[in-house]
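This report refers to the structure that appears directly beneath it.
Just so you know, these numbers come straight off a predicted model, no measurement behind them.
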Amino acid sequence: QVQLVESGGGLVQAGGSLRLSCTASGLTFRTYVMAWFRQAPGKAREFVAAIRASAGSVYYADSVKGRFTISRDNAKNTVYLEMNGLRAEDTAVYSCAAGTSMLVVRPSLYDYWGQGTQVTVSS
């Protein structure tokens with residue numbers, strides 16, 4: 001049984017930082033593309049960042065480029081999202097996902113999802 005468990009969300013002031021973690025079990029973690037998506041109330045799920053299995057390639061949404069950093073530790077089956085310079089518009093539920101498709105921005109192509117962690121940025 002595959003499980004993805006996120007942690008690290010919370011309430012932070014604008015300009016602050018948070019580090020999200022997602023730990024996977026039940027799959028061969030090192031072979032999966034790992035990604036972070038977010039969904040704000042009343043909005044569609046949005047791609048945030050992805051990292052390929054080899055960790056050699058990373059991808060970011062334009063809205064977070066330069067502020068967020070995705071990384072992975074295959075020995076710990078964990079993917080991270082370091083978020084700096086947070087803005088009110090970053091407020092959302094952040095979910096991690098695991099998949100094998102090269103089309104990293106499409107949520108429908110991911111096989112497994114975590115439950116999500118709430119990030120709230122106060123202005």
Side-chain angles (χ1 to χ4, degrees):
Q1 180 183 358
V2 175
Q3 282 192 312
L4 303 179
V5 180
E6 301 97 337
S7 62
L11 174 64
V12 64
Q13 288 188 331
S17 300
L18 281 175
R19 188 195 197 202
L20 305 183
S21 301
C22 170
T23 299
S25 60
L27 53 72
T28 307
F29 181 80
R30 67 181 185 276
T31 67
Y32 279 80
V33 174
M34 298 300 297
W36 288 94
F37 288 81
R38 66 187 181 186
Q39 189 166 22
K43 295 189 176 181
R45 182 174 279 169
E46 175 189 22
F47 170 77
V48 176
I51 184 167
R52 291 205 188 278
S54 65
S57 298
V58 295
Y59 306 86
Y60 297 98
D62 287 342
S63 58
V64 307
K65 205 171 290 184
R67 300 187 297 124
F68 291 11
T69 302
I70 189 170
S71 61
R72 66 190 295 160
D73 185 337
N74 289 339
K76 295 182 178 180
N77 284 8
T78 300
V79 61
Y80 305 97
L81 186 68
E82 185 76 36
M83 304 186 294
N84 299 310
L86 283 162
R87 305 167 180 166
E89 54 264 38
D90 294 318
T91 295
V93 174
Y94 284 71
S95 300
C96 68
T100 56
S101 172
M102 294 296 103
L103 299 176
V104 297
V105 303
R106 294 178 61 179
S108 62
L109 298 182
Y110 284 83
D111 301 313
Y112 306 106
W113 290 84
Q115 291 298 310
T117 184
Q118 176 70 46
V119 171
T120 303
V121 184
S122 62
S123 56

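Residues Ser95 and Val93 have side chains in contact (heavy-atom distance under 4.5 Å, counting atoms from C-beta outward). Here the side chains of Thr69 and Tyr80 are not in contact, with every heavy-atom distance at 4.5 Å or above. Side-chain contact between Leu27 and Asp111 is absent, with no heavy atoms from C-beta onward closer than 4.5 Å. Between Thr100 and Thr31, every side-chain heavy-atom pair lies at or beyond the 4.5 Å cut-off. Considering only heavy atoms from C-beta on, Trp113 comes within 4.5 Å of Arg45 through its side chain. The shortest side-chain heavy-atom distance between Met83 and Val119 falls under the 4.5 Å cut-off.
Using modelled atom types and a 3.5 Å distance limit, the side chains of Thr78 and Thr23 yield a donor-acceptor pair.
In this structure, OG on Ser123 lies 12.5 Å from CG on Leu86, to the nearest 0.5 angstrom. To the nearest 0.5 Å, atom CZ of residue Arg52 and atom CD1 of residue Ile70 are 11.5 Å apart. Atoms OH and CD, from Tyr94 and Glu6 in turn, are 12.5 Å apart once rounded to the nearest 0.5 Å. Residue Gln118 holds its CD atom at 9.5 Å from CG of Leu11, rounded to the nearest 0.5 Å. Atoms CE and SG, on Met34 and Cys22 in that order, are 4.5 Å from each other to the nearest 0.5 Å. The CZ atom of Arg38 lies 4.0 Å from the CD atom of Glu46; values are rounded to the nearest 0.5 Å.
The hydrophobic cluster containing Ile51 does not contain Leu109, counting ILVMFWY residues as joined when their side-chain heavy atoms lie under 4.5 angstrom apart, directly or transitively. Hydrophobic clustering keeps Trp36 apart from Val33 (ILVMFWY residues linked when any side-chain heavy atoms are closer than 4.5 Å, directly or through intermediates). At a threshold of 4.5 Å between side-chain heavy atoms, the hydrophobic network of Ile, Leu, Val, Met, Phe, Trp and Tyr places Tyr32 and Leu103 in two separate groups.
Geometrically, Arg72 engages Phe29 in a cation-pi contact defined by less than 6.0 Å to the ring centre and at most 45° from the axis.
For the side chain to side chain donor-acceptor pair (under 3.5 Å) test, no residue two or more places apart in sequence or in another chain qualifies with Ser21.
Counting heavy-atom neighbours within 6.0 Å of Gln115 CD, excluding the residue itself, gives a total of 12 or less. The environment of Lys43 atom NZ is sparse: at most 12 non-hydrogen atoms of other residues, nucleotides or ligands sit within 6.0 angstrom.
Between Leu81 and Val48, the shortest heavy-atom distance links the atoms CD2-CG1, 4.1 Å. For the residue pair Ala49 and Tyr60, the shortest heavy atom distance occurs at CB-CD2, 3.6 Å.
A salt bridge is absent between Asp90 and Arg87: the closest approach of a Lys/Arg side-chain nitrogen to an acidic carboxylate oxygen does not fall below 4.0 angstrom.
Aromatic rings of Tyr59 and Phe47 (six-membered ring for Trp) have centroids beyond the 6.0 Å cut-off, not under it.
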